[in-house]
Amino acid sequence: MAHSKTRATDGKITYPPGVKEISDKISKEEMVRRLKMVVKTFMDMDQDSEEEKELYLNLALHLASDFFLKHPDKDVRLLVACCLADIFRIYAPEAPYTSPDKLKDIFMFITRQLKGLEDTKSAQFNRYFYLLENIAWVKSYNICFELEDSNEIFTQLYRTLFQVINNGHNQKVHMHMVDLMSSIICEGDTVSQELLDTVLVNLVPAHKNLNKQAYDLAKALLKRTAQAIEPYITNFFNQVLMLGKTSVSDLSEHVFDLILELYNIDSHLLLSVLPQLEFKLKSNDNDERLQVVKLLAKMFGAKDSELAAQNKPLWQCYLGRFNDIHVPIRLECVKFASHCLMNHPDLAKDLTEYLKVRSHDPEEAIRHDVIVSIVTAAKKDLALVNDHLLNFVRERTLDKRWRVRKEAMMGLAQIYKKYSLQGEAGKEATKQISWIKDKLLHIYYQNSIDDRLLVERIFAQYMVPHNLETMERMKCLYYLYATLDLNAVKALNEMWKCQNMLRHHVKDLLDLVKQPKSEACSKAVFSKVMVITRNLPDPGKAQDFVKKLAQVLEEDERIRKQLETLVSPACSCKQAEGCVREITKKLGSPKQPSNPFLEMVKFLLERIAPVHIDTESISALIKQVNKSIDGTADDEDEGVPTEQAIRAGLELLKVLSFTHPVSFHSAETFESLLGCLKMDDEKVAEAALQIFKNTGSKMEESFPHIKSVLLPVLQHKAKKGPPRQAKYAIHCIHAMFSNRDTQFAQIFEPLHKGLDPANPDQLITPLTTLGHLAMLAPEQFAGPLKSLVANFIVKDLLMNDRAPGKKTTKLWVPDDEVSPETLAKIQGIKLMVRWLLGVKNNLSKSGNSTLRMLTAILNSDGDLTEQGKMGKPDMSRLRLAAGCAVLKLAQEPCYHEIITLEQYQLCALVINDECYQVRQAFAQKLHKGLCRLKLPLEYLAIFALCAKDPMKERRAHARQCLVKNINIRREYLKQHAAVSEKLFSLLPEYVVPYTIHLLVHDPDYVKVQDIEQLKDIKESLWFVLEILMAKNENNSHAFIRKMVENIKQTKDGQSPNDPKINEKLYTVCDVAMNIIISKSTTYSLESPKDPVLPARYFTQPDKNFSNTKNYLPPEMKSFFTPGKPKAANVLGAVNKPLSTAGKQLQTKSSRMETISNASSNSNPSSPGRSKGRMDSTERDHSENEDITIIKNSPMPGKKGDKRDDSDLLRDSDKPRGRKRGAASSQDDDSGQDPKPKRGRKKAANTSSAETEDQWAEETRIPDIALETEDEQNSPPKKGRRGRPPKSATPKEEAASKGRRGRKKAAPPPEEEPEEEEEDEEDEDRNSENLEVKSKAGRQAKTPRRSQQRVETAEATDESVESTPQKRRGRPPKSAQQPAKKNTRGGRSRATASKENESADEMDTSQLSVEDEEEGEEDQQAEDEEEYTTPKVRRKTGRRERR
């Protein structure tokens, strides 16, 4: 060893034993061999071998010479590098090299050799691995900390390692690289920006995608060095984000990507960076905010992210960006919501409020994406979305934009199918979304054909999937139908009816196409094409396509045959699918991928193809009903009580019997229906009878064995069954049997002979049966019927009061409390009317006699004998029966002609009856007759009298009836241009003369110049004119003005020589003229044509007489304010945030007040009227009841109100009737005497203990006090009209409030079937729906009626601001409470809606449809839905007994 030391000190190189000198003089191979031995020697040495270290010191220095470091052979370089690595290990901590430059060269050399790691399959890979392992373990590079160029060395090392790492490396390579690099970061004094960039660049998405292993390496390194590197990362982001020094790094443009990656790697790396993001979220630069929002969306939404919990200020700041002014930012926030909901259900609560606001965003794309986000989360797991979020989707089904509505509807449909049909989340989830099926079907009431078509598609694909097996499909339909709410059931029925109508139209088109060409045929084809076009989306384009289809049908017999099969009643579901496939294949062309013509044909085929119902389906449905009857069905598992399931099943079959009667023609079906007839449940038997009536036309020839069993059952029902079943039994016999005369005779004779007035409870069924026999076979029983009517009905029944009625102050009682005698009298009245309708002529003058009898009942207040035996409820029933009977007769032209003007006016007054239920039922009968264009136009004028009804819902209902009727007439005139000769009876503007005449003869209009009475007249006229003048089509304003001018040149046709009546006429004309002038700017133009006045009502104008005098008192001028009536937009101006998501806007404040955008010009008598919501102090209460305490309930629309359209399903509401008074001196106290009734007894005075109520209304000027008014129960001025006395002081008159009616979507009237059967219906059903007792102390929270009739729902396009109502029923002066000022002031509703300029929402504030089922007469609808009207929540005052 001494020798070795000597060698070391004298500068000579000592080689390991066996190794000769290594120099450039030997070959490469020999050099490699010798170096390997040197490597082996160094590898075996350890740090403790001091002598060897000294011995080989010169060798170590020699190996670091440029000769080796720059040697061209890579094997040599590798071996040298391995030696150098071991030298650093052996000589650690002091390296044998002292020159900084030399050290730099050595480490750069080693770094270059590490590139050899890239090729894992190289023979030398293990040696490269050894090199890496050695320098990593020894941390050799730490020596460089002292060097000036250390940064360059480290940077180059990092770059090399990140470049060479690949998926061929095992975990050890990865680990050593991390060890090597982390030691440099953790043990160094600083981390340069360049070195940091070398690490971070691997996190940038572009690099990350190129080399995933480098990303993983950087990720592992950062995790290992998080604490050490965090200050340098913070400094980097601080420079870029806060100071804007983007030049500090090439990665400045990737800061947000880096933040996300670093957060995902280790959130602690960004502890000081995240507050900077909060600052950036508030940047003025839109793009910068957008980038930060995108970044945070990913950070908050990541699956395991806890950022929201850890950094609540940042989370709240981020949520604030949901309301950002920049659209793309709001859009990004909304898109983030679905990830957040799916990954962090705990944040749903925070998101809900912000999504609610965004669901009303003005931007369509944002509203659309709100739906997508919620639906996406819900489809993943229903538990992720709360009810509020689902309600936002529900609301958007009414959005103004089709794209948004479609997304919402399809989203709900998919959720329903997944969780309800397929039951993927159990019964709780099914229950949670049970409203979806109803909501989707409610949309069928929308006017947009796109909506209706989508509902049909959703029904066929998601609610009752047509591709299910027949039995499964019918089971699905059966339980769906049993669980739908009433409005959804009506919508579904309407859907089938519309599809059936369209099928018939297509069938007619096919028949026309086959006819020889002629001009008449071409016109008929064009007419049919137009009808079909209206049932398709985009009628403008569809018209050309349907014409083209008609041409194709003419030319292509094969397509014609397929379409004939498709629309034939016997087409099965499988056949239908085949036909659709064949037709689309034949019309399609591979050269035209997008074929609009084919798309239109598909729409048409989709609507007419019977994909659900065929003979097999009906048979399966009957079996399902039978299972329920037998108790073998799983009704309870489906959540439907068995009794409800059976009823619903029969109702479903009844509906299908209208639309698919041929599908019922099987012995099995008829036998099952026979079984249903024998059931105890009356409704089930009724439905079965109706099904037989609709489907049994061929039973005699095809199923004689069924006929022989059925006939005795029908005869028994007709004689002894319940009245409704008796009625249907008669109609069944009439429809099904050829020898009906014989059968009728067998029923008529025993019933006729067995009538006994002494047993009224035994009379109801016989009279019902006889009445229907009289209508269906009047000639067969002409003699006996006349005798029956004259002797029995009139003399024995109507003119006698055998049993005294119950003494009560109520005006209406439930059916079971009505005396049998009264029910028999009602049936007697109906029998007379049915007989006359069957006879259809007045040759025997029976019509005159009957009308006199009916008007006598009305004149006598329902007590024909005037003996005082009858109770008030019985009198109300008879008044209603008489009024409806007149309406029924008026629908037959031969009887309309003989109704005198006095009789017409008396009939009209029934709509002002003191009993609420009478007014309600009469209005609905009136509406129904007018809607079918059966009642003459003058009967439309009767609705003007509703302007003074004390109940707001009655006024609102009347207004909706007017709107619906006016629109039906206008639509009819558009579609039937050839009916110009009937213009006088159809044009709605012609209702004005009738309205003027009716108001002239209003018994309340006594003093010609009385201001209060004239204000009533003005309100009644405005009630009608506001709707007529909403649109000035064809210069109708000038036409109405001309009409009024012409009337002023005539005299009253009823009393032409009575100067007072004529003065009234001219005064009313002046009121009308002032309204027209104040509300129209075009009234002075030339009238499009000269109006024709009805000759019965007005005399011919005197050409020598020019009536230019103004008959109005000067004070009236101030009650006419200028401004034009506003038509309510169908889709609404803006979306108003609802207090409850998805709430149907059908509450008292919205439907009755319809305050949205109310303006002072909506009311001719409201100068400066303050705008806004009705004051919450406005109250009313139930009438026709004894003293009842009613608690206040919150006004709808307030924050606490949680109603939604499930409220539509609630039980029937409490109707209100006017309370007839008991004796009292209250009238005397008020200083008013009731006016005598015409032709009737004076009403008894009302007791001083009469209850009173308060209606606080918004006034025209905010500081005008609001007066209190008795809503219903004050002493009536006129008993029949039920108009309470006016207040003694005019200044107490509360200013009337303008109301704007929303557009109510409704099915088109064109599909209403022409009815042959009578419109009247047994009052047992009517009153069932009309009466509901108010319980003492019960909250008068009047939920909307479960069965909303079309008249409550169908205010249409011309919907305008609702008529200003003058409240009737004010308490007498002595009973007045202090006037209450309107304190709302504040902003108007219009202003609020501007502020809320969010997504426009379609208003389906009412979801009801006229329930006329095809082929079934009016009675059908009345059977189930008669006389129902929606009530609304209201605040009610407590009644006080004084």
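Note that the coordinates shown come from a computational prediction; the quantities given were computed from them, not determined experimentally.
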Between [X] and [Y], is there a donor-acceptor pair closer than 3.5 Å when you use the side chain of the first and the backbone of the second?
{"X": "Tyr445", "Y": "Ala491", "value": "yes"}
{"X": "Asn965", "Y": "Cys931", "value": "yes"}
{"X": "Tyr479", "Y": "Val640", "value": "no"}
{"X": "Arg401", "Y": "Glu364", "value": "no"}
{"X": "Asp369", "Y": "Val334", "value": "no"}
{"X": "Tyr419", "Y": "Ala378", "value": "yes"}
{"X": "Arg367", "Y": "Pro362", "value": "yes"}

Holding to side chain to side chain contact (heavy atoms under 4.5 Å, CB included), I want the full list of residues that pass it with [X], two or more places apart in sequence or in another chain.
{"X": "Lys528", "value": "His505, Asp508, Leu509, Leu512, Ile532"}
{"X": "Ser617", "value": "Thr470, Arg473, Met474, Cys573, Asp614"}
{"X": "Cys571", "value": "Ser568, Gln575, Ala576, Pro610"}
{"X": "Thr430", "value": "Ser420"}

Check your understanding: Pairs in or reaching into residues 537-550: which pass salt bridge (Lys or Arg N to Asp or Glu O under 4.0 Å), with residues at least two apart or in two chains?
Key ->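 Every pair satisfying salt bridge (Lys or Arg N to Asp or Glu O under 4.0 Å) with a residue in residues 537-550: Asp538-Lys541.
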Practice item. Scan residues 456-468 for pairs that pass salt bridge (Lys or Arg N to Asp or Glu O under 4.0 Å), counting only residues two or more places apart or in two chains. Key: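 Applying salt bridge (Lys or Arg N to Asp or Glu O under 4.0 Å) to every pair that reaches into residues 456-468, excluding sequence neighbours, yields Glu456-Arg607, Arg457-Glu606.
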**Study point:** Ion pair check, Glu651 and Lys654, cut-off under 4.0 Å
**Key:** yes
Review point. Is Lys497 paired with Glu494 through a side-chain N to carboxylate O contact shorter than 4.0 Å?
Key: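 A salt bridge is present here (some side-chain N lies under 4.0 Å from a carboxylate O).
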Review point. Can you list the residues that meet the ring pair (Phe, Tyr, Trp, His ring centres under 6.0 Å) rule with Tyr354, with sequence neighbours excluded?
Key: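 Tyr354 satisfies ring pair (Phe, Tyr, Trp, His ring centres under 6.0 Å) with Phe322 once adjacent residues are dropped.
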Could you measure the distance from the [atom1] atom of [X] to the [atom2] atom of [Y]? Nearest 0.5 Å is fine.
{"X": "Leu454", "Y": "Arg405", "atom1": "CG", "atom2": "CZ", "value": "9.5 Å"}
{"X": "Met495", "Y": "Arg452", "atom1": "CE", "atom2": "CZ", "value": "10.5 Å"}
{"X": "Phe392", "Y": "Asp387", "atom1": "CZ", "atom2": "CG", "value": "11.0 Å"}
{"X": "Leu653", "Y": "His660", "atom1": "CG", "atom2": "NE2", "value": "12.5 Å"}

Could you pull out all residues at least two apart from [X] that satisfy salt bridge (Lys or Arg N to Asp or Glu O under 4.0 Å)?
{"X": "Lys417", "result": "none"}
{"X": "Lys418", "result": "Glu424"}
{"X": "Arg358", "result": "Asp361"}

Quick check: do [X] and [Y] have side-chain heavy atoms less than 4.5 Å from each other?
{"X": "His388", "Y": "Lys356", "answer": "no"}
{"X": "Lys602", "Y": "Glu599", "answer": "yes"}
{"X": "Leu389", "Y": "Val393", "answer": "no"}

Exercise for review: Could you go through the side chain to side chain contact (heavy atoms under 4.5 Å, CB included) check for Lys490 and Tyr444 one step at a time?
Suggested key: CA-CA 10 Å; Lys490 289 179 187 177; Tyr444 204 73; over 6 Å; no
Exercise for review: Assess whether side chain to side chain contact (heavy atoms under 4.5 Å, CB included) is satisfied between Leu421 and Val464, documenting all intermediate values.
Suggested key: CA-CA 9 Å; Leu421 277 193; Val464 184; over 6 Å; no
Please find the pair of heavy atoms, one from [X] and one from [Y], that lie closest to each other, and give the distance.
{"X": "Lys964", "Y": "His927", "answer": "CG-CE1, 3.7 Å"}
{"X": "Leu412", "Y": "Trp435", "answer": "CD2-CH2, 3.7 Å"}
{"X": "Gln432", "Y": "Leu390", "answer": "NE2-CD1, 3.9 Å"}
{"X": "Leu453", "Y": "Pro537", "answer": "CD1-CD, 3.1 Å"}
{"X": "Gln543", "Y": "Val529", "answer": "O-CG1, 4.0 Å"}
{"X": "Asn500", "Y": "Thr659", "answer": "OD1-O, 3.0 Å"}

Practice item. Using side-chain contact (heavy atoms from CB on, under 4.5 Å) as the criterion, point out the one residue from Leu605, Asn595, Leu536 that pairs with Met600. Key: Leu536
Exercise for review: Please name the residue in the list Leu484, Val489, Asn487, Thr483 that meets the side-chain contact (heavy atoms from CB on, under 4.5 Å) test with Asp438.
Suggested key: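 Running side-chain contact (heavy atoms from CB on, under 4.5 Å) over Leu484, Val489, Asn487, Thr483 with Asp438 returns exactly one hit, Leu484.
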Point to revise | Residue pair Glu407, Val404: steps toward the side chain to side chain contact (heavy atoms under 4.5 Å, CB included) verdict | key: CA-CA 5 Å; Glu407 189 66 43; Val404 182; 5.8 Å; no
Check your understanding: How would you list, by chain and number, every residue that makes a side chain to side chain donor-acceptor pair (under 3.5 Å) with His612, sequence neighbours excluded?
Key ->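 Side chain to side chain donor-acceptor pair (under 3.5 Å) list for His612, sorted by chain: empty.
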Practice item. Say whether Tyr481 and Asn493, considering side chains only, have a donor N or O and an acceptor N or O under 3.5 Å apart. Key: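 Per modelled atom types, Tyr481 and Asn493 side chains form a pair under 3.5 Å.
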Point to revise | Pairs flagged by side-chain hydrogen bond (donor to acceptor under 3.5 Å, both in side chains) wherever residues 371-380 is involved - sequence neighbours left out | key: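 Matches after skipping sequence neighbours: Lys379-Gln414.
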Exercise for review: Mind running side chain to side chain contact (heavy atoms under 4.5 Å, CB included) on Leu621 and Ile613 for me, showing each step along the way?
Suggested key: CA-CA 10 Å; Leu621 191 55; Ile613 306 300; 5.7 Å; no
